[in-house]
Structure formats: structure tokens, C-alpha cells
Amino acid sequence: MEKVTMADVAKAAGVSKSTVSQYLNNRFEYMGEKTKLKIEEAIEALGYQPNYIARSLKQKRTSMVGIIVANIMHYFSTEVSRAIEDFFHGHDLHAIVCNADDDPEKEKKYIEMLRAKQVDGLIIFPTGQNNQLYESMINQGYPVVFVDRKVENLPVFSIVTDNRESTYGAIQQFVANGHQRIAFAVQPLMVSTRKERFEGYQQAMKAANLEINPNYVIESDISGMSSKLEKLFSLEERPTAIFAGNDRVFLEVVKCLRAKGLKIGEDIELVVFDNIPFAQVVETPITFIVQPAMEMGTKAAELLFEQINKVDRETEEFVFPSKLV
């Protein structure tokens, strides 16, 4: 069976090839509804499939964007990616999602692979360890937006939340509830989000004239988190409150508390900085710091879309406030 061409569609619809081309490229300014309907019916009747590769070469665009997530295991990252995909779907662009696993080498490979595939732009949750590659993209004028994490001294659009301020407020709440032995659990302090949350903890403790007990600060990757938490909750003077740096740390904390027979709300108070899908149905008194993931994802997509369409504006960092729930 011969391949159906644009000329076949034009003949069946009784219009010119250029009119069919305008239809396929969503240029409807000078096209009547009857013409659109005739072309649509001809495409459906003939089973026409546009040659996207040829069109990409002609337009010098692929209508594809890349999303490189630092770790897809975080529910927040999934929410942001969903918002980005929704935006681009509504603008007839396809989103390719890659998971870097917090691995700089994997992130580098994905950036190089997606650029080799000539995607129109990238939204990256950066590991912060590929500065030379980031800088190269920016210097070339390649459309790129960073989400969730900052990379210092780079003129790039960034979408973040108020990590330091929100953490400060959560620790203040602990203090107001009478807590002095306050622990902080976090994955390695290698990215801006974790560093800023730890700074918020330090600042709030200082403001309350409370000493930070080194034994109460747990910094570990997830694989080693449980053993360190077990030691923390085995102390003679164990903490009465704990701040979990994200959702994965939260799960480790809850598992450890259960194993030790400690009850949240009775034996210990808990705050989690992250979006948890079941937060609204949890009966245990836990405070969550919730980030506006959908709004952040949509804003990141809008900024990338503007760059792809050559809208000229100064790079900027957009800070979205989180809220205690």
C-alpha cells in the first residue's frame, strides 16, 4: 500500500497543499471552519500520518522537550513533571522524562542524549555537579530552566521554594510547643534544597537560644539512614521532635519509630518537608511542609516555552512559598 501524502489530503479536501500544511502547523488565522473540517475529514478518511521528521528539519524544531528529574522517587518531582507535561501537551509539544537518580554522570548522559536528539529545550532538576555543561548550554543560548534546586552564579531561569524560611517556621513551631531536643534528618548536604533547609534549622535553633546537639543531626544517604536513626532513638536523652528533610527520609523515620515502639504525637513530634500523597488522610498528628508543585511545574514550562519561541527577557529566580499543613 502506497504511503498517503499531503498532496493526497489536499486533493481529497479540495484545497491546496499549503493550506493542508497550515492546518498541520495549527495556523488557522485565515482558515474557515468549513475548510478545517474538510481537511480533518480527509486526514481521517485517508489515514494520513504527518512526516514529523521532515517537518522538524524544515522548521528546525522537533516539538519535543526534555525533563531531567533528579530522583523520580520523590512525589514532588512527579507532580512537577505532570504539570510540565500537561502544559506542553496543551501546546502540541511532547515531553520526554528522564530520571538521573541524583547521579551527575547519568544526568550528563541524559543532557547529551536529549540534545543529540535535538529537543527544543530542557527542564532540569540539577544535581549541581555539571556546572561546565550547564554553563555551555546557557552560553549557547539553549533554552533551559532549573527546577527545585539552584546552581549558584549561573544566569538561568530557576523555579524554587522558600526552603530556609519554611524550615525556620517549622522549627519555631516545635519551640513554641515546648521542644528543646530537636533533631534534623537529611540526605547528604550536596544540593541547595538540603543545605537551605539545614540552614533554616540552624538559624531557628540559634534564635531560640538552643544548642544543636551533634548527635541530633542525621546526615546520610537512604541506605544508611535506618542505622543512624536507630542510634538516635536509642540515646538516653532522645529527641522529642524531629524534622525530616524530605519524603524518603520521612519513611525511614516512621519505620524506625515503629520498630522502637515510639508514637508520633505522644513520644515525638514530626515535621516533614515534602509533598506526601496521603497527607490529607493521615490521622497521626504530623505537620507537612507542602510545596506548590503544580504551579511550579507550570511556571517552569511557561518559561521554557517562551525561550523556545524567542521571547526576550532577563533570567530570574522565581521563589514559590510553601505552607505548613
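Quick note: residue numbers are just sequence positions, from 1. Just so you know, these numbers come straight off a predicted model, no measurement behind them.
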*Say whether, by atom type as modelled, one donor and one acceptor occur between the side chain of N246 and the main chain of R248 under 3.5 angstrom.*
yes
*Taking all non-hydrogen atoms of both residues, which atom of D8 and which atom of L46 are closest, and how far apart?*
O-CD1, 3.7 Å
*Decide if atom CD of Q140 counts as having more than 12 heavy atoms of other residues, nucleotides or ligands within a radius under 6.0 Å.*
yes
*Please say whether more than 12 non-hydrogen atoms of neighbouring residues, nucleotides or ligands are located less than 6.0 Å from NZ in K106.*
yes
*Any donor and acceptor pair, going by atom type alone, linking the side chain of S81 with main-chain N or O of S77 inside 3.5 Å?*
yes
*Do L324 and M205 sit in the same hydrophobic cluster, where Ile, Leu, Val, Met, Phe, Trp and Tyr count as joined when their side-chain heavy atoms come under 4.5 Å apart?*
yes
*Donor-acceptor contact present, side-chain N177 to main-chain F174, <3.5 Å*: no
_Side-chain touch R313/F157, heavy atoms, less than 4.5 angstrom_ = yes
*Give a yes or no on whether the backbone of Y75 and the side-chain of N275 come within a donor-acceptor separation of less than 3.5 Å.*
no
*Check the pair R115 / E112 against salt bridge (charged side-chain N to carboxylate O under 4.0 Å, His left out), numbers first and verdict last.*
CA-CA 5 Å; R115 292 207 64 188; E112 290 171 347; over 6 Å; no
*Which pair of heavy atoms, one from Q180 and one from T240, lies closest together, and at what distance?*
N-OG1, 4.4 Å
*Indicate, with yes or no, if V271 and I268 share a hydrophobic cluster defined by side-chain heavy-atom contacts under 4.5 Å among Ile, Leu, Val, Met, Phe, Trp and Tyr.*
no
*Counting N and O atoms only, with roles assigned by atom type, does the side chain of T127 sit under 3.5 Å from a partner on the main chain of Q129, one being a donor and the other an acceptor?*
yes
_Identified side chain to side chain contact (heavy atoms under 4.5 Å, CB included) counterpart of L114 within the set V65, I68, I67_ = I68
_Quick one, E317 and F146 - any side-chain contact, counting heavy atoms below 4.5 Å?_
no
_Expected output: side-chain Y201 to main-chain A183 donor-acceptor under 3.5 Å_ = no
*State plainly whether the residues E33 and K36 are in salt-bridge range, i.e. N to O under 4.0 Å.*
yes
*For K108, does the NZ atom have more than 12 heavy-atom neighbours from other residues, nucleotides or ligands under 6.0 Å away?*
no
*Please state whether the rings of F305 and H91 are parallel, tilted or perpendicular, taking 30° and 60° as the class boundaries.*
tilted
*Can K228 and E219 be counted as an ion pair, charged N to O under 4.0 angstrom?*
no
*Check whether any side-chain heavy atom of Y142 sits under 4.5 Å from a side-chain heavy atom of S136, and report yes or no.*
no
*asked:* Has R197 got a side-chain atom pairing as donor or acceptor with G245's backbone, closer than 3.5 angstrom?
replied: yes
*Should the ring pair F243 and F184 be called parallel, tilted or perpendicular, given that the plane angle runs from 0 to 90° and is split at 30 and 60?*
parallel
*Is any side-chain heavy atom of D86 less than 4.5 Å from a side-chain heavy atom of R82?*
yes
_Both conditions, 6.0 Å and 45 degrees, for the charged tip of R149 above the ring of F125: are they met here?_
no
*Flag side-chain contact, heavy atom, 4.5 Å: F233 against L262*: yes
*Between the main-chain N or O of N215 and the side-chain N or O of N213, is there a donor-acceptor pair closer than 3.5 Å?*
yes
*Side-chain contact test, heavy atoms from C-beta onward, threshold under 4.5 Å: evaluate it for D120 versus F88 and give yes or no.*
no
_I'd like to know whether CE of M294 has more than 12 heavy-atom contacts from other residues, nucleotides or ligands below 6.0 angstrom._
yes
*Please examine the side chains of V217 and F198, heavy atoms only from C-beta on, and report whether any two atoms are closer than 4.5 Å.*
yes
*Are any non-hydrogen side-chain atoms of I124 and E107 less than 4.5 angstrom apart?*
yes
*Please step through side-chain hydrogen bond (donor to acceptor under 3.5 Å, both in side chains) for the pair S234 and E230, ending with a clear verdict.*
CA-CA 6 Å; S234 297; E230 203 280 331; 3.1 Å; yes
*If two hydrophobic side chains count as joined below 4.5 Å and joins carry through other members, does V69 share a cluster with L93?*
yes
*Cluster question for you: counting only ILVMFWY and a side-chain heavy-atom cut-off of under 4.5 Å, with indirect links fine, are I308 and V147 together?*
yes
*Using modelled atom types only, decide if a donor and an acceptor are shared between the side chain of N130 and the backbone of P104 within a distance under 3.5 Å.*
yes
*Please answer: with hydrophobic residues joined when any side-chain heavy atoms are less than 4.5 Å apart, are M31 and L37 in the same cluster?*
no
